[in-house]
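For reference, the structure is listed below as structure tokens.
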Amino acid sequence: MAEVPATADLIDAHGDLLASCETQLRQFGARRAFQGTIVTVTCREDNALVKRLLGTPGQGRVLVVDGGGSLRSALMGDLIAASAARNGWAGVVINGAVRDTAQLAHIDLGIKALGSNPRKSAKTGAGAVDVPVAFGGVVFDPGAWLCSDEDGIVVAAEKPGA
Ligand SMILES: O=C([O-])CC(=O)C(=O)O
């Protein structure tokens with residue numbers, strides 16, 4: 001796995017190429033820094049698409065989930081997160097809630113989310129995959145590159161200097 005650059009160093013060196021997310025997401029996973037190509041899903045209080053995607057090979061990518069900022073139900077818990085880690089996803093960024101947070105802290109996966117709620121989401125499959133999603137002043141385009149650490153999340157069309 002390539003070493004994850006510090007987001008502050010990236011901004012200092014390539015600030016004009018990078019967007020940085022203003023939403024103050026919390027760290028929940030054991031992997032505190034992660035990077036990868038973005039896959040997106042938009043879904044509100046319904047996590048069937050999240051579960052399905054994270055059950056497929058991640059190939060070191062990052063799933064960005066736009067849950068519309070809802071904290072009414074969790075879009076990921078420990079079972080889905082463990083499946084993501086098993087399948088080689090680098091991380092999951094959720095504009096919404098997670099649950100099973102005590103267990104998430106031990107899973108080798110990057111996990112950032114707004115907060116937590118013990119209530120599970122519906123599983124109807126509502127939502128869309130691989131459409132651009134936006135929150136925190138950043139447009140997360142499928143195929144773009146994301147890097148996340150304790151300071152925040154930065155996004156560029158491709159990894160700077162790569
Ligand atoms: O199944 C769900 O909706 C979420 C969950 O609890 C898990 O991933 O363990």
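All ligand and atom numbering here is 1-based and tracks the order in the structure.
For the salt bridge (charged side-chain N to carboxylate O under 4.0 Å, His left out) condition, no pair includes a residue of residues 110-122, sequence neighbours left out. Residues in residues 95-141 take part in these ring-ring contact (aromatic ring centres under 6.0 Å, His included) pairs, two or more places apart or across chains: Phe135-Phe140. Residue pairs meeting the side chain to side chain donor-acceptor pair (under 3.5 Å) criterion with at least one partner in residues 74-92, sequence neighbours excluded, do not occur; the list is empty.
A side-chain donor-acceptor contact under 3.5 Å links Thr40 to the backbone of Val131. Side-chain N or O atoms of Asp130 include none that pairs as donor or acceptor with a backbone N or O of Pro142 at under 3.5 Å.
One distance of note links SG of Cys147 with CG of Leu10; it measures 5.0 Å at 0.5 Å rounding.
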Measure and list all N/O to N/O distances between ligand 1 and the protein that fall under 3.5 angstrom.
unit_1	atom_1	unit_2	atom_2	d
ligand 1	1 (O)	Lys123	NZ	3.4
ligand 1	3 (O)	Asn47	ND2	2.9
ligand 1	3 (O)	Lys123	NZ	2.5
ligand 1	6 (O)	Arg99	NE	2.8
ligand 1	6 (O)	Arg99	NH2	2.6
ligand 1	8 (O)	Gly77	N	3.1
ligand 1	8 (O)	Gly77	O	3.3
ligand 1	8 (O)	Leu79	N	3.4
ligand 1	8 (O)	Ile80	N	2.9
ligand 1	9 (O)	Asp78	N	3.4
ligand 1	9 (O)	Asp78	OD1	3.2
ligand 1	9 (O)	Leu79	N	2.9

